[in-house]
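Reminder, nothing fancy here: chain letters follow the sequence lines and each chain counts from 1. The structure presented is a predicted model; accordingly, all values stated were derived computationally and were not measured. Values reported hereafter were calculated over all heavy atoms of this structure, with side chains retained and with hydrogens, waters and symmetry mates removed.
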Protein chains: 2
Amino acid sequence: MAELDKFDHRLLELLQENARLTGSALAQQVGLSSAACLRRVQRLRESGVIERDIAVINPRVFGKRMTVVVLVTLNNDRPDRYNLLRAELAKAPEVVQCDHVTGAHDIVLRVKVADMEDYSAFVDRVLVQPYIKRYESLAVLGVIK
Amino acid sequence: MAELDKFDHRLLELLQENARLTGSALAQQVGLSSAACLRRVQRLRESGVIERDIAVINPRVFGKRMTVVVLVTLNNDRPDRYNLLRAELAKAPEVVQCDHVTGAHDIVLRVKVADMEDYSAFVDRVLVQPYIKRYESLAVLGVIK
DNA sequence: AATGAAATTAAGTAGCT
DNA sequence: AGCTACTTAATTTCATT
């Protein structure tokens, strides 16, 4: 990954907020020509600095109105199952984020579901298994950021 | 928010993965003309179904190589401070996600920093305050999803 | 090696059936 | 909705630093 100068950093800052800014809009804000900006952005994409561009969809649209953070504790006597579980969690559509963490818990999930019934079905299908010792569900009351 | 048919749902699915798909690329995959797709996407943006488009930047670029999930417990004797804290957390650049949750903890943060020193500075600046009773830091060892 | 200006190509928008 | 014409943006070319 090549070195990034202040122009690249500014472009990334702007596109991180709004990926639909046009070349001339970028040009105004970074002080280069439209062509120069777009050339840089193209390089940033090709080199993987910009990993991808995504549309942020209002979560209610898919009826996923409920978010739950789940703290998962594993049975440390079955380390062989870890990769299998990883794959299962990554595959589950309800799981929008999944981190392996240090501390008393092993995995933190962010789960989006329609309602409690939906969440309950997710728990039964994915979380209730011998390799998972314990899980703690924290329902998200409000997204602060 | 108007009703969405299966075409809209398909468009949203596609754009959620890759917001740079062109009209004709969308047309191929949903089975409508390019113009029809783009008209629909335009409506989806205007109506707020698509909230915004963002570039996903490789986190190493800004030197933020470390992710920490923080479980925050508040002092319930100072409810007046809650809105102030919300604002502080939303403003802190290290905080990339912040949820108000049910259960033993009150807030779950997702924090991105360069290193432990950086994290320590964040803790001192933002988390060490009378209104926060306790916080538990879970360092992210690996992102599964 | 990278820029800006200009020309080319492609994409998005609007009007009409 | 589709088709077509129009408009705007992105890409490439090229001369310049």
Closest to the Arg39(A) side chain, choosing from dT13(D), dG12(C), dG2(D):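 In terms of side-chain proximity for Arg39(A), the closest of dT13(D), dG12(C), dG2(D) is dT13(D).
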
Closest to the side chain of Gln42(B), out of dT11(D), dA1(D), dA14(C), is dA14(C)

What contact category does [X] fall into here, base, sugar-phosphate, or nothing, at under 4.0 angstrom with non-hydrogen atoms?
| X | result |
| --- | --- |
| Arg43(A) | nothing |
| Ala35(B) | base |
| Thr22(A) | sugar-phosphate |
| Arg40(A) | sugar-phosphate |

In whole angstrom, give the distance that lies between atom [atom1] of [X] and atom [atom2] of [N].
| X | N | atom1 | atom2 | value |
| --- | --- | --- | --- | --- |
| Asp8(A) | dA1(C) | CG | P | 16 Å |
| Leu26(B) | dA11(C) | CG | C1' | 12 Å |
| Asp5(A) | dT3(C) | CG | P | 8 Å |
| Glu46(B) | dA14(C) | CD | C1' | 13 Å |
| Leu38(A) | dT12(D) | CG | C1' | 12 Å |
| Arg20(A) | dA11(C) | CZ | C1' | 12 Å |
| Arg45(B) | dT13(C) | CZ | C1' | 13 Å |
| Leu32(A) | dG4(C) | CG | C1' | 10 Å |

message: Quick one, His105(A) with Ile107(A), criterion side chain to side chain contact (heavy atoms under 4.5 Å, CB included). Give me CA distance, side-chain angles, the key distance, then yes/no.
response: CA-CA 6 Å; His105(A) 312 94; Ile107(A) 291 174; over 6 Å; no

For a 4.5 angstrom cut-off between non-hydrogen side-chain atoms, does Tyr131(B) reach Glu88(B)?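 Not in contact.
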
Worksheet item: Is a salt bridge present between Glu17(A) and Arg52(B), judged by a nitrogen-to-oxygen distance below 4.0 Å?
Response: yes

Check: Given the rule in the side chain to side chain contact (heavy atoms under 4.5 Å, CB included) test, do Thr67(B) and Val96(B) qualify, once you have shown the distances and angles that lead to the verdict?
Finding: CA-CA 10 Å; Thr67(B) 305; Val96(B) 297; 6.0 Å; no

Taking atom CZ as the centre, does Arg65(B) end up with more than 12 heavy-atom neighbours from other residues, nucleotides or ligands that are less than 6.0 angstrom away?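 Count not over threshold, so no.
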
